[in-house]
Amino acid sequence: MAVSKIYANTLAQLASNKLDEERLRRVVEAPDVATALKMLGDYGYAVDANMSVDGFVVEQTDSLIEFVEENASSDGTADALTAPFRYNNAKLAYKSRFTVIPDDGYYRTALDPSLIVGGDYSQCDNDLSGVLVALDEAEEKRPQEIDLAVARTMYKHILGVSAGAVKRYFRAEIDLKNILSAARMKRLGINRDEFIDGGKIKLDKLRESVTADSFSECFAGTPYADAAERAEERNFSDLGAFEREADDFLCLMTDRLCVDMTSDEPFMNYYARTRTELKTVKTALVCIKTNARDLFYTRIPNIYR
(Lines give C-alpha, C1' and ligand atoms only; values in the text may rest on other atoms or scores of the structure.)
Protein backbone atom coordinates (compact mmCIF):
# COMPACT_ATOMS: atom_id res chain seq x y z
CA MET A 1 0.00 0.00 0.00
CA ALA A 2 1.64 3.22 -1.17
CA VAL A 3 1.41 6.32 1.02
CA SER A 4 2.81 9.85 0.71
CA LYS A 5 6.55 10.25 1.24
CA ILE A 6 6.08 12.66 4.14
CA TYR A 7 3.76 10.20 5.90
CA ALA A 8 6.07 7.24 5.20
CA ASN A 9 9.10 9.15 6.44
CA THR A 10 7.33 10.31 9.59
CA LEU A 11 6.39 6.73 10.46
CA ALA A 12 9.95 5.56 9.72
CA GLN A 13 11.46 8.18 12.01
CA LEU A 14 9.06 7.25 14.81
CA ALA A 15 9.98 3.56 14.44
CA SER A 16 13.74 4.03 14.24
CA ASN A 17 16.61 4.25 16.71
CA LYS A 18 15.48 1.70 19.28
CA LEU A 19 19.10 1.21 20.30
CA ASP A 20 22.04 3.44 21.15
CA GLU A 21 25.46 2.70 22.62
CA GLU A 22 24.22 2.74 26.22
CA ARG A 23 21.30 0.40 25.58
CA LEU A 24 23.57 -1.97 23.68
CA ARG A 25 26.01 -1.99 26.59
CA ARG A 26 23.20 -2.91 28.97
CA VAL A 27 22.04 -5.73 26.71
CA VAL A 28 25.54 -7.17 26.35
CA GLU A 29 26.02 -7.11 30.12
CA ALA A 30 22.82 -9.11 30.70
CA PRO A 31 23.50 -12.37 32.57
CA ASP A 32 21.84 -14.55 29.94
CA VAL A 33 20.02 -14.45 26.61
CA ALA A 34 16.55 -14.60 28.21
CA THR A 35 17.29 -11.48 30.26
CA ALA A 36 18.73 -9.72 27.19
CA LEU A 37 15.57 -10.52 25.22
CA LYS A 38 13.42 -9.10 28.02
CA MET A 39 15.46 -5.90 27.89
CA LEU A 40 15.02 -5.72 24.13
CA GLY A 41 11.29 -6.07 24.68
CA ASP A 42 11.45 -3.05 27.00
CA TYR A 43 13.23 -1.14 24.21
CA GLY A 44 10.36 -1.71 21.77
CA TYR A 45 11.04 -5.06 20.11
CA ALA A 46 8.35 -7.74 19.91
CA VAL A 47 9.97 -10.63 21.76
CA ASP A 48 9.16 -13.97 23.30
CA ALA A 49 11.25 -15.16 26.24
CA ASN A 50 11.60 -18.58 24.58
CA MET A 51 12.98 -17.18 21.33
CA SER A 52 16.29 -18.42 19.94
CA VAL A 53 18.83 -15.91 18.68
CA ASP A 54 18.01 -16.71 15.06
CA GLY A 55 14.29 -16.73 15.86
CA PHE A 56 14.59 -13.19 17.25
CA VAL A 57 16.37 -11.92 14.14
CA VAL A 58 13.87 -13.56 11.77
CA GLU A 59 10.91 -12.19 13.75
CA GLN A 60 12.29 -8.63 13.73
CA THR A 61 13.13 -8.91 10.03
CA ASP A 62 9.56 -10.01 9.37
CA SER A 63 8.42 -6.86 11.19
CA LEU A 64 10.66 -4.76 8.93
CA ILE A 65 9.22 -6.44 5.84
CA GLU A 66 5.67 -5.79 7.05
CA PHE A 67 6.47 -2.15 7.84
CA VAL A 68 7.91 -1.59 4.36
CA GLU A 69 5.02 -3.30 2.60
CA GLU A 70 2.46 -1.22 4.51
CA ASN A 71 4.21 2.13 4.55
CA ALA A 72 6.50 2.53 1.52
CA SER A 73 5.71 5.56 -0.62
CA SER A 74 5.44 3.51 -3.83
CA ASP A 75 5.00 -0.06 -4.99
CA GLY A 76 8.44 0.11 -6.60
CA THR A 77 10.07 1.11 -3.32
CA ALA A 78 8.27 -1.69 -1.45
CA ASP A 79 9.27 -4.19 -4.14
CA ALA A 80 12.93 -3.14 -4.08
CA LEU A 81 13.29 -3.06 -0.28
CA THR A 82 11.66 -6.45 0.25
CA ALA A 83 13.39 -8.16 -2.69
CA PRO A 84 16.45 -9.24 -0.62
CA PHE A 85 14.15 -11.24 1.64
CA ARG A 86 12.05 -12.78 -1.15
CA TYR A 87 15.12 -13.75 -3.10
CA ASN A 88 16.70 -15.17 0.05
CA ASN A 89 13.65 -17.40 0.54
CA ALA A 90 13.77 -18.50 -3.09
CA LYS A 91 17.46 -19.33 -2.85
CA LEU A 92 17.00 -21.37 0.33
CA ALA A 93 13.98 -23.20 -1.09
CA TYR A 94 15.87 -24.04 -4.27
CA LYS A 95 18.88 -25.37 -2.35
CA SER A 96 16.63 -27.39 -0.03
CA ARG A 97 16.17 -29.86 -2.88
CA PHE A 98 19.65 -31.20 -2.24
CA THR A 99 20.74 -29.89 1.16
CA VAL A 100 19.19 -29.41 4.59
CA ILE A 101 17.73 -25.94 5.19
CA PRO A 102 16.36 -24.97 8.64
CA ASP A 103 12.64 -24.19 8.56
CA ASP A 104 13.18 -21.03 10.64
CA GLY A 105 15.51 -19.56 8.04
CA TYR A 106 12.64 -18.26 5.89
CA TYR A 107 11.26 -14.75 6.19
CA ARG A 108 7.55 -14.01 6.05
CA THR A 109 6.86 -12.87 2.49
CA ALA A 110 4.12 -13.49 -0.06
CA LEU A 111 6.40 -15.92 -1.88
CA ASP A 112 5.59 -19.52 -0.83
CA PRO A 113 8.91 -21.43 -0.61
CA SER A 114 7.19 -24.81 -0.91
CA LEU A 115 6.16 -23.99 -4.48
CA ILE A 116 9.77 -23.36 -5.45
CA VAL A 117 10.84 -26.63 -3.84
CA GLY A 118 8.37 -28.34 -6.17
CA GLY A 119 9.55 -26.42 -9.23
CA ASP A 120 6.57 -24.07 -9.41
CA TYR A 121 7.80 -20.51 -10.06
CA SER A 122 4.40 -18.93 -10.71
CA GLN A 123 4.65 -16.61 -7.69
CA CYS A 124 8.10 -15.33 -8.73
CA ASP A 125 8.72 -12.14 -10.66
CA ASN A 126 10.04 -12.58 -14.19
CA ASP A 127 13.67 -12.02 -13.19
CA LEU A 128 13.55 -14.56 -10.37
CA SER A 129 11.71 -17.22 -12.34
CA GLY A 130 14.17 -16.71 -15.19
CA VAL A 131 17.25 -17.40 -13.05
CA LEU A 132 15.63 -20.42 -11.38
CA VAL A 133 14.77 -21.91 -14.78
CA ALA A 134 18.36 -21.28 -15.91
CA LEU A 135 19.66 -23.07 -12.79
CA ASP A 136 17.33 -25.98 -13.55
CA GLU A 137 18.56 -26.22 -17.12
CA ALA A 138 22.20 -26.15 -15.95
CA GLU A 139 21.41 -28.74 -13.24
CA GLU A 140 23.32 -26.46 -10.90
CA LYS A 141 23.82 -27.76 -7.34
CA ARG A 142 26.87 -25.80 -6.22
CA PRO A 143 25.69 -23.49 -3.39
CA GLN A 144 28.16 -20.72 -4.21
CA GLU A 145 27.12 -20.61 -7.86
CA ILE A 146 23.44 -20.55 -6.90
CA ASP A 147 24.06 -17.73 -4.42
CA LEU A 148 25.90 -15.67 -7.02
CA ALA A 149 23.33 -16.23 -9.77
CA VAL A 150 20.43 -15.28 -7.50
CA ALA A 151 22.27 -12.23 -6.11
CA ARG A 152 23.05 -10.93 -9.60
CA THR A 153 19.44 -11.34 -10.65
CA MET A 154 18.12 -9.79 -7.45
CA TYR A 155 20.12 -6.59 -7.92
CA LYS A 156 19.14 -6.44 -11.59
CA HIS A 157 15.50 -6.64 -10.50
CA ILE A 158 15.92 -4.05 -7.73
CA LEU A 159 17.59 -1.52 -10.01
CA GLY A 160 14.82 -2.07 -12.54
CA VAL A 161 11.98 -1.23 -10.15
CA SER A 162 13.59 1.50 -8.02
CA ALA A 163 14.59 5.12 -8.46
CA GLY A 164 16.25 7.99 -6.63
CA ALA A 165 17.44 7.29 -3.10
CA VAL A 166 16.50 3.62 -3.28
CA LYS A 167 18.59 3.04 -6.38
CA ARG A 168 21.53 5.00 -4.93
CA TYR A 169 21.43 2.85 -1.80
CA PHE A 170 21.51 -0.46 -3.66
CA ARG A 171 24.14 0.69 -6.14
CA ALA A 172 26.36 1.53 -3.17
CA GLU A 173 25.55 -1.85 -1.62
CA ILE A 174 26.63 -3.54 -4.87
CA ASP A 175 29.90 -1.57 -4.88
CA LEU A 176 30.67 -2.57 -1.30
CA LYS A 177 29.87 -6.23 -1.91
CA ASN A 178 32.09 -6.19 -5.00
CA ILE A 179 35.01 -4.62 -3.13
CA LEU A 180 34.59 -7.23 -0.41
CA SER A 181 34.65 -9.99 -3.04
CA ALA A 182 37.81 -8.50 -4.55
CA ALA A 183 39.45 -8.29 -1.12
CA ARG A 184 38.52 -11.90 -0.37
CA MET A 185 40.00 -13.06 -3.67
CA LYS A 186 43.12 -10.99 -2.97
CA ARG A 187 43.52 -12.70 0.41
CA LEU A 188 43.04 -16.19 -1.05
CA GLY A 189 45.19 -15.55 -4.11
CA ILE A 190 42.46 -16.50 -6.56
CA ASN A 191 40.80 -14.71 -9.47
CA ARG A 192 37.22 -15.63 -10.31
CA ASP A 193 34.22 -13.91 -11.85
CA GLU A 194 32.27 -13.19 -8.66
CA PHE A 195 31.28 -9.57 -9.26
CA ILE A 196 27.77 -8.16 -9.54
CA ASP A 197 26.86 -5.65 -12.24
CA GLY A 198 24.96 -2.47 -11.44
CA GLY A 199 27.29 -0.55 -9.12
CA LYS A 200 29.12 2.65 -9.92
CA ILE A 201 32.56 1.01 -9.91
CA LYS A 202 33.33 -0.55 -13.27
CA LEU A 203 33.83 -4.30 -13.34
CA ASP A 204 37.18 -3.86 -15.12
CA LYS A 205 38.43 -1.79 -12.19
CA LEU A 206 37.32 -4.47 -9.75
CA ARG A 207 39.07 -7.19 -11.73
CA GLU A 208 42.20 -5.05 -11.85
CA SER A 209 42.20 -4.64 -8.06
CA VAL A 210 42.52 -8.40 -7.53
CA THR A 211 45.93 -8.53 -9.20
CA ALA A 212 47.14 -4.94 -8.69
CA ASP A 213 50.19 -4.23 -6.53
CA SER A 214 48.14 -1.67 -4.59
CA PHE A 215 44.57 -2.78 -3.96
CA SER A 216 43.43 0.51 -2.45
CA GLU A 217 44.80 2.69 -5.27
CA CYS A 218 42.25 1.09 -7.59
CA PHE A 219 39.52 2.76 -5.55
CA ALA A 220 41.14 6.17 -5.12
CA GLY A 221 38.66 8.95 -5.74
CA THR A 222 35.66 6.78 -4.86
CA PRO A 223 33.58 7.04 -1.66
CA TYR A 224 35.05 3.69 -0.61
CA ALA A 225 38.73 4.63 -0.80
CA ASP A 226 39.30 4.78 2.96
CA ALA A 227 37.59 1.44 3.63
CA ALA A 228 39.62 -0.24 0.87
CA GLU A 229 42.81 1.24 2.28
CA ARG A 230 42.03 -0.04 5.78
CA ALA A 231 41.31 -3.51 4.39
CA GLU A 232 44.70 -3.48 2.64
CA GLU A 233 46.46 -2.22 5.78
CA ARG A 234 45.00 -5.19 7.68
CA ASN A 235 46.39 -7.43 4.92
CA PHE A 236 42.78 -8.53 4.27
CA SER A 237 42.89 -10.56 7.50
CA ASP A 238 39.72 -9.09 9.04
CA LEU A 239 37.12 -8.73 6.33
CA GLY A 240 34.42 -8.73 9.00
CA ALA A 241 35.65 -5.23 9.87
CA PHE A 242 35.13 -4.21 6.23
CA GLU A 243 31.56 -5.55 6.35
CA ARG A 244 30.84 -3.48 9.47
CA GLU A 245 32.29 -0.42 7.77
CA ALA A 246 30.06 -1.13 4.78
CA ASP A 247 27.01 -1.13 7.06
CA ASP A 248 28.16 2.15 8.60
CA PHE A 249 28.62 3.64 5.13
CA LEU A 250 25.09 2.73 4.02
CA CYS A 251 23.57 4.17 7.19
CA LEU A 252 25.55 7.39 7.05
CA MET A 253 24.99 7.77 3.32
CA THR A 254 21.25 8.11 3.93
CA ASP A 255 21.62 9.94 7.25
CA ARG A 256 23.32 12.89 5.58
CA LEU A 257 20.22 13.64 3.56
CA CYS A 258 17.36 12.38 5.72
CA VAL A 259 16.15 15.85 6.66
CA ASP A 260 14.38 16.06 3.29
CA MET A 261 10.95 14.66 4.10
CA THR A 262 9.88 14.89 0.44
CA SER A 263 12.53 12.36 -0.62
CA ASP A 264 12.94 8.66 0.21
CA GLU A 265 16.07 9.34 2.28
CA PRO A 266 14.50 9.18 5.78
CA PHE A 267 12.73 5.93 4.89
CA MET A 268 15.97 4.51 3.49
CA ASN A 269 17.84 5.57 6.62
CA TYR A 270 15.34 3.64 8.74
CA TYR A 271 15.71 0.62 6.47
CA ALA A 272 19.53 0.72 6.52
CA ARG A 273 19.75 1.29 10.28
CA THR A 274 17.27 -1.47 11.04
CA ARG A 275 19.20 -4.01 8.98
CA THR A 276 22.44 -2.97 10.71
CA GLU A 277 20.73 -2.91 14.09
CA LEU A 278 19.53 -6.50 13.72
CA LYS A 279 23.02 -7.71 12.77
CA THR A 280 24.41 -5.88 15.81
CA VAL A 281 21.85 -7.32 18.19
CA LYS A 282 22.45 -10.81 16.84
CA THR A 283 26.18 -10.36 17.49
CA ALA A 284 25.40 -9.18 21.03
CA LEU A 285 23.14 -12.16 21.76
CA VAL A 286 25.67 -14.64 20.38
CA CYS A 287 28.40 -13.07 22.53
CA ILE A 288 26.18 -13.44 25.59
CA LYS A 289 25.32 -17.04 24.71
CA THR A 290 29.00 -17.97 24.26
CA ASN A 291 30.19 -15.84 27.21
CA ALA A 292 32.41 -13.81 24.88
CA ARG A 293 31.12 -10.35 25.73
CA ASP A 294 34.52 -8.67 25.29
CA LEU A 295 34.48 -9.63 21.61
CA PHE A 296 31.32 -7.60 21.08
CA TYR A 297 33.07 -4.32 21.72
CA THR A 298 35.54 -5.05 18.92
CA ARG A 299 32.68 -5.85 16.55
CA ILE A 300 30.24 -3.02 17.23
CA PRO A 301 29.55 -0.77 14.23
CA ASN A 302 30.90 2.76 14.49
CA ILE A 303 27.41 4.26 14.28
CA TYR A 304 26.84 2.99 17.83
CA ARG A 305 30.08 4.35 19.25
Side-chain angles (χ1 to χ4, degrees), residues 1-18 44-46 57-93 105-113 115-116 121-132 150-174 176-177 196 198-199 247 250-251 253-255 257-279:
M1 180 183 70
V3 300
S4 74
K5 287 184 179 180
I6 293 177
Y7 182 75
N9 289 331
T10 301
L11 291 176
Q13 290 184 335
L14 290 172
S16 63
N17 298 330
K18 291 186 179 74
Y45 293 94
V57 174
V58 170
E59 180 66 27
Q60 307 313 314
T61 304
D62 287 342
S63 295
L64 172 62
I65 294 168
E66 182 179 5
F67 182 90
V68 169
E69 289 175 338
E70 291 183 354
N71 300 303
S73 62
S74 71
D75 292 339
T77 295
D79 186 348
L81 298 188
T82 57
F85 311 111
R86 292 197 311 278
Y87 276 64
N88 174 79
N89 284 0
K91 176 181 66 179
L92 294 182
Y106 293 102
Y107 301 114
R108 194 164 56 238
T109 72
L111 184 65
D112 184 354
L115 294 179
I116 293 175
Y121 307 144
S122 59
Q123 287 189 342
C124 301
D125 60 66
N126 291 337
D127 293 318
L128 181 53
S129 62
V131 71
L132 296 179
V150 172
R152 283 171 167 166
T153 304
M154 179 192 77
Y155 282 112
K156 173 189 172 185
H157 176 78
I158 288 172
L159 295 179
V161 299
S162 62
V166 181
K167 182 173 285 190
R168 286 194 297 274
Y169 174 90
F170 283 106
R171 292 189 74 183
E173 186 172 272
I174 292 169
L176 290 162
K177 285 182 180 295
I196 299 168
D247 289 337
L250 293 171
C251 290
M253 179 184 78
T254 55
D255 190 60
L257 304 173
C258 70
V259 294
D260 184 0
M261 298 293 282
T262 62
S263 75
D264 282 315
E265 295 291 352
F267 202 84
M268 291 306 304
N269 185 245
Y270 164 74
Y271 179 82
R273 280 187 172 269
T274 301
R275 292 179 75 183
T276 299
E277 189 171 273
L278 293 180
K279 291 180 188 178

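The figures here come from the full heavy-atom set of this structure, side chains too, leaving out hydrogens, waters and symmetry mates.
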In Å, rounded to the nearest 0.5 Å, how long is the span from [atom1] of [X] to [atom2] of [Y]?
X	Y	atom1	atom2	answer
M154	D127	CE	CG	11.5 Å
N269	D264	CG	CG	12.0 Å
N71	Y270	CG	OH	8.5 Å
T82	F67	OG1	CZ	14.0 Å
I196	T153	CD1	OG1	10.0 Å

Practice item. Only counting residues at least two apart or in another chain, list the ones meeting salt bridge (Lys or Arg N to Asp or Glu O under 4.0 Å) with D62. Key: R108
Study note, to complete from the structure: Contacts of R275 meeting salt bridge (Lys or Arg N to Asp or Glu O under 4.0 Å) (sequence neighbours excluded), chain-then-number -> E173
**Study point:** V166 and F267: CA distance, side-chain angles, deciding distance, side chain to side chain contact (heavy atoms under 4.5 Å, CB included) verdict
**Key:** CA-CA 9 Å; V166 181; F267 202 84; over 6 Å; no
Considering all heavy atoms, the nearest [X]-[Y] contact:
X	Y	answer
A165	E265	CB-OE2, 3.4 Å
A8	S73	CB-N, 4.3 Å
H157	A83	CD2-CB, 4.4 Å
R171	G199	NH2-O, 3.5 Å
L111	R86	CD2-O, 3.6 Å
P113	A93	O-CB, 3.5 Å

Point to revise | Beyond-backbone contact of L81 with M268, side-chain heavy atoms, under 4.5 angstrom | key: yes
Check your understanding: Any donor and acceptor pair, going by atom type alone, linking the side chain of D79 with main-chain N or O of D75 inside 3.5 Å?
Key -> no
Point to revise | More than 12 heavy atoms from other groups under 6.0 Å of NZ on K167 | key: yes
Quick one: side-chain contact (heavy atoms from CB on, under 4.5 Å) partners of [X], sequence neighbours excluded?
X	value
S129	Y121, C124
T61	V57, I65, F85, Y107, L278
L92	N88, I101, Y106

Point to revise | Step-by-step side chain to side chain contact (heavy atoms under 4.5 Å, CB included) determination, N89 to I116 | key: CA-CA 9 Å; N89 284 0; I116 293 175; over 6 Å; no
Revision key, fill the gap. The side chain to side chain donor-acceptor pair (under 3.5 Å) partners of K279 (sequence neighbours excluded) come to D247
Point to revise | Donor + acceptor pair across side chains of D125, Y87 (<3.5 Å) | key: yes
Review point. Going through the checks in order, is the side chain to side chain contact (heavy atoms under 4.5 Å, CB included) test met by Q60 and K18?
Key: CA-CA 12 Å; Q60 307 313 314; K18 291 186 179 74; over 6 Å; no
